[in-house]
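A quick write-up on the structure given underneath.
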Amino acid sequence: MDKRSGDDDGNKYPVKLKRSSGWARKKETDRQKLKAIARDKNQQKLNFEFIPSTRPSIEVALHFDTVPSITNNDSTQNSIVNMQPSISEPSCSNIIKQYENYNYSDTNIINIPKDQMLDMKCSNNEFTQDLNVNIQPSITSSIEFDKSNIVDFGNNIVPNDSLHEDEVAQSSESDLDDSFLRDISSNNFKALSHNSSLAEKLRFMSNHPIQPQYDQLPFNAYKIYFRPLSNTDNTRIPRNWLSFDRKNEKLFCAVCLAFSVNKESIFVQGVQVSAKNIYKQIKVHENSKTHDEAVYAYMQAKKVKDVSSLIDINQRNSRVIQVQERRLFLSRIIEGVIYIGRQGIAYRAHKEEQAYTLDNRSMNHGNFLELLMCWSKFDPILEKYLNIAIEKSKIRSNLSGGRGRGSLVTFISKTTINKIINLISQWIQEEIGKEVKKANFFSLLIDSTQDVSVTDQLAVCVRYVIQTEVKERLIKFLPVQSSKAIDLYNLIKNVLEDIGLSLSNIVSQAYDGAANLSGIHNGLQALIKKDAPQSIHTHCFSHLLNLTLTQASDSCSEAINLFGLLDRLAIFFSQSYKRMGMWKQNVIENSVGSEKMLRLQKIGQTRWWSRDVALNNVFDPLFTPTKEKHRFITVIKALLAVANGKDFDLSAKSEALNIINNLLKFETILTAYVFQSLFVLSSTASSCLQSKKLNYTQGYKLLHNLKSKLIEGVNNFEIIFIRTTEFIEYLQTILEEMDGTDNIFWSSTFTKKRKRFKKKMSGELTADERLVDEKKLFEVEVYKVVYNNALAKLSNRYMINEDLIQDAAFFDPRTFSKLKTPGFMFPEGSLSKIASMARVDVLDIQRQLIEFAQNYEAIANIDASILYEDCNSEFFEEENENHTDIEDDLKCALSEKNRCKSCISCAFLYVYTLVTHTPNYNDLYTAYKVILSLAFTQVSCERSFSILKTIKTRLRSTLSNDKLEAFMFMNLERGMIVPHDIIIDRLGATSNEMKRMLIG
């Protein structure tokens, strides 16, 4: 029998086999195959298939006279080593030194004599040579291969990335490319061919051993996966060569699958675990010569090293350090962007933003770059990379004439910064969307305003409850092209769908009363109710209160004259720096403490507090002791200084005297104190309604409490009149002592008015009766008109959704005493509105609420006397005067430290605690959650408009809407900590170059 083999020179010749027994012939055949394969160059190749890489490389050319391969019979070839740039690139001398010092005596695989080296040169330019070794390090343990960078010895492929076994083993499947994973998973138990490269074989071995651990294995895992060291030593040694195919229930030898020449072995084909004597077969195989030869081939392949492997280790380590430092540098940039956004300041300069100009300290590079330059003085990493960016930018500027950056990446260009700004905005919006989606129920708050660029900006906010915290957050800020209800509806629907929210989960809507939003037939709220029929609409309580006070301020001529005069006064001093200087001088001389900073307030139609502040800055509080009232006197002195000054023209003097005489009228002062008493009652409600912590019932009770106080205040005119008279008497004594008061007039009583007689018509027998008493006339025509007008407007607007309020009253702990009454039955239809909004059964809520009420005192550890024992579901009725006091509710809502344990918010905390331990109160928890999610104001939208005015100013009127929205998110959501790693990873995914520099 002849076999074709070959000698060291590649000549083929027949081999004569001796005739003997079948076993001997087979053994001799296997031996001849091994010898032939040992001489076969294909088995000496190191073939690595690599994923194409787009990374720019730095190449080091190594020229040798002779480069021996695995055996001593390979021909000489040339080689080039291709490396990636790193933070500290090894010099050629270091590479040669490492090569010279490396000990190859153990393997005797590669031996390059020193005298055979002709030359070695390093360059940052590309070289076209025969040998390319591509190094692809990563921060993670993933291994990335480059198919284009391989080593070619003539027609033989040589490895370009020598990996240690540990490095290969540490590479998890999750770190590899998806297509490669699919290929691995389908070929884990498929024997490799003789022509497979060593790279393929080593990659194959990196996926083994596959030894699943679970209870129902068809064999004893301890006996299969481990073997005793010897018959006397019971130490267990793991069988790393053994892998188990769970799908086919077969055992394989991973080493033989890759390196054995005998592909007919039973452990290459797979041994059924149900086979007889499986444990004995494993012992026989691991002691066989075929298995030993495969193990020797595997160990030899792992130890193959050349000069490229030494370079690979250095490059891999330096590459990891370089990527890590870039990420640290970018982390500081992200923090700088967030700082700029939170402070609401401009981040760019008009000019001089080029990186090559940063070392010129005489230039203004903008807030962001100046912040980085200042910060770099104390941060070595920031200083290092800024200097690198400056130097590379200078080189690029000289080559290109300053036009474009080309392939230069500095991370501080406007393009990269804009990407970072958008990525931060997207992350914040995604996180808010996740929270709202997790909360399930939410309320919609919408309002719009015109910015400095005359663009109508729409703010979309949501109110929701996550665990026990009530949140109101902005989710979108965008320009509006049309204010029609249908266009707004489509816009809102798209915004919610983009972040994964549904209109059907809206439980309430809060708008400012505009017809296109609040219209019951064709308004936005009507269109949304088609998708969320259970939702309710609420006219913003804050807008409602402001509208009530505004209309009260315009209800009579005396009120109009008063606020018009206050506005004139503020404008008079603000029109001239000389007048303002006179005002400041008088304030400093006649005031103490913080009063020295007193400024006059102009009255704005949209500022809720402008009338209150304008009035209080001129007139001291009504119940302040008379002798401590100095604000009004300061105003008179400042006006007198202008009227009698030599530096002011006649028009200014005339205007000053006119304002003084109007201010000193008895009717003006009395009207001022009438409105001051009204604002004292409403200011508490106005400020509290702007809190996010209040719930719907507390907001309703605030307005109801205000209504009760207004009813009481209608009869308090006499008190106000007495206080006003006392102040005017004190004022007269001060004016008499002042100089320059010859041209001013004041009165301590009402100015007598001419009686007006109405013409008697034909047939009339009586004439109209006119009030003769000026005081009574003022009370009827001014005081009661103001109070009654405020009462009427307030009652007509906030008395809505009463069925919901009555249902929510049952959830207040103050009503629990009623629920604990034996045999208590809910009125028909009670809690049905809340049950429909929460999508739970009304009977389940009633049952759980009664059970919770019976145990609330014990759960909350509260004294029953704190709760109102005689409360019922109608505790909002006017006759229950004791129940309109909500001071405890306000303390609890506005301060987490002062828990009253007798409000809905406190009860919700205990329900949440119960739900975390038992499912018996799930429906009750949902109902409480819906109540707290109900929106009664859209102050969050107004708050965002205040931020808008600080960000988009006259100097930043061209700011794009994407950046405007991003900066508003950063400013409003200061409590959200932006994860730098996520932003960096997303930035790295924007391009291949970014991926190479930031991910590896």
Side-chain angles (χ1 to χ4, degrees), residues 428-429 431-448 458-477 492 495-496 499-513 517-518 524-525 528-529 531-532 534-544 688-702 800-801 804-805 808 811 833-834 837-838 889 893-894 896 903-905 908-909 912 925-945 947 968-969 972-973 975-976:
I428 294 176
Q429 192 177 38
E431 290 301 307
I432 295 175
K434 290 177 183 178
E435 278 195 356
V436 179
K437 194 172 182 180
K438 184 178 180 181
N440 195 16
F441 304 106
F442 64 95
S443 294
L444 186 64
L445 292 68
I446 295 177
D447 199 3
S448 63
L458 181 71
V460 183
C461 300
V462 291
R463 177 186 173 98
Y464 59 95
V465 177
I466 190 74
Q467 294 183 349
T468 61
E469 186 177 1
V470 179
K471 295 185 178 182
E472 288 186 8
R473 281 180 162 168
L474 178 75
I475 60 171
K476 195 68 178 178
F477 198 84
I492 297 301
V495 167
L496 295 180
I499 57 178
L501 302 179
S502 174
L503 289 172
S504 60
N505 291 332
I506 296 176
V507 293
S508 74
Q509 309 169 59
Y511 308 134
D512 61 0
L517 299 177
S518 303
L524 177 62
Q525 64 116 343
I528 291 180
K529 279 190 175 182
D531 295 296
Q534 77 284 354
S535 66
I536 63 170
H537 167 255
T538 302
H539 187 172
C540 173
F541 287 176
S542 293
H543 278 85
L544 189 154
C688 291
L689 286 174
Q690 299 179 38
S691 171
K692 302 177 183 179
K693 302 298 183 181
L694 288 184
N695 57 60
Y696 197 94
T697 59
Q698 289 171 334
Y700 187 92
K701 288 161 69 175
L702 271 172
I800 55 177
N801 299 320
L804 176 64
I805 297 298
F811 293 83
K833 182 66 176 178
I834 293 178
M837 297 170 71
D889 284 14
L894 302 179
E896 295 182 357
C903 66
I904 291 180
S905 299
F908 176 66
L909 298 178
Y912 176 76
Y925 170 75
T926 305
Y928 269 104
K929 188 175 180 180
V930 167
I931 294 174
L932 294 179
S933 299
L934 297 176
F936 56 94
T937 68
Q938 39 91 285
V939 176
S940 294
C941 298
E942 300 292 342
R943 192 175 291 113
S944 67
F945 297 155
I947 302 300
M968 291 193 66
F969 277 138
L972 289 169
E973 304 301 335
M976 296 186 70

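Just so it is clear, the values below take in all heavy atoms, side chains as well, and ignore hydrogens, waters and symmetry mates. For this chain, numbers begin at 1 and follow the sequence in order.
L503 has its side chain within reach of L496: a pair of non-hydrogen atoms, C-beta onward, lies under 4.5 Å apart. Residues T937 and L694 are not in side-chain contact: their nearest non-hydrogen atoms beyond the backbone lie 4.5 Å or more apart. Inter-residue side-chain proximity for I432 and I499 is flagged as unmet; no heavy-atom pair is nearer than 4.5 Å. You'll find the side chain of Q938 stays beyond 4.5 Å of the side chain of L517, heavy atoms only. Counting heavy atoms from C-beta outward, Q690 and E942 have side chains that stay 4.5 Å or more apart.
The main-chain N or O of A935 is found under 3.5 Å from a side-chain atom of S508 such that the two form a donor-acceptor pair. Checked by atom type and distance alone, the side chain of S944 pairs as donor or acceptor with a backbone atom of C941 at under 3.5 Å. Between the side chain of Q534 and the backbone N or O of S504, at least one donor-acceptor pair lies under 3.5 Å. Judged by distance alone, the side chain of R463 and the main-chain N or O of L932 form a donor-acceptor pair under 3.5 Å. Looking only at distances, a side-chain donor or acceptor of Q698 sits under 3.5 Å from a matching main-chain atom of N695.
With rounding to the nearest 0.5 Å, the separation of CD1 in I805 from NZ in K701 is 10.0 Å. Note that NZ of K529 and CD of Q509 are 7.0 Å apart. Values are rounded to the nearest 0.5 Å. How far CD1 of I475 is from SG of C461: 8.0 Å, rounded to the nearest 0.5 Å. Rounding to the nearest 0.5 Å places OG of S940 at 5.0 Å from NZ of K692. Interatomic distance, CG of L934 versus CG of L804, reported as 5.5 Å (0.5 Å rounding). One distance of note links CG of L909 with SG of C903; it measures 8.0 Å at 0.5 Å rounding.
Heavy-atom neighbours of K437 NZ from other residues, nucleotides or ligands within 6.0 Å: at or below the threshold of 12.
When all heavy atoms of V465 and A439 are compared, the closest pair comes out as O-CB, 3.2 Å. In terms of heavy atoms, N505 sits closest to N440 at CB-O, 3.1 Å. Minimum heavy-atom separation, I931 to I834: CD1-CD1, 3.7 Å. Taking every heavy atom of both residues into account, I506 and S535 meet most closely at O-CB, 3.3 Å. The two residues A459 and L474 have their closest heavy-atom pair at CB-CD1, 4.0 Å. Residues Q467 and Y925 come closest through the heavy atom pair O-OH, 3.3 Å.
Ring geometry for F811 against Y928 counts as perpendicular: the plane angle is over 60°, on a 0 to 90° scale with 30° as the lower cut. Using cut-offs of 30° and 60° for the angle between ring planes, the Y696 and F936 rings count as perpendicular.
Residues satisfying the ring pair (Phe, Tyr, Trp, His ring centres under 6.0 Å) criterion with Y464, sequence neighbours excluded, are absent altogether.
In summary, the side chains of S518 and H537 do present a donor paired with an acceptor at a separation below 3.5 Å, with no hydrogens or angles considered.
Under a 4.0 Å N-O distance rule, the pair K438/E435 does not qualify as a salt bridge.
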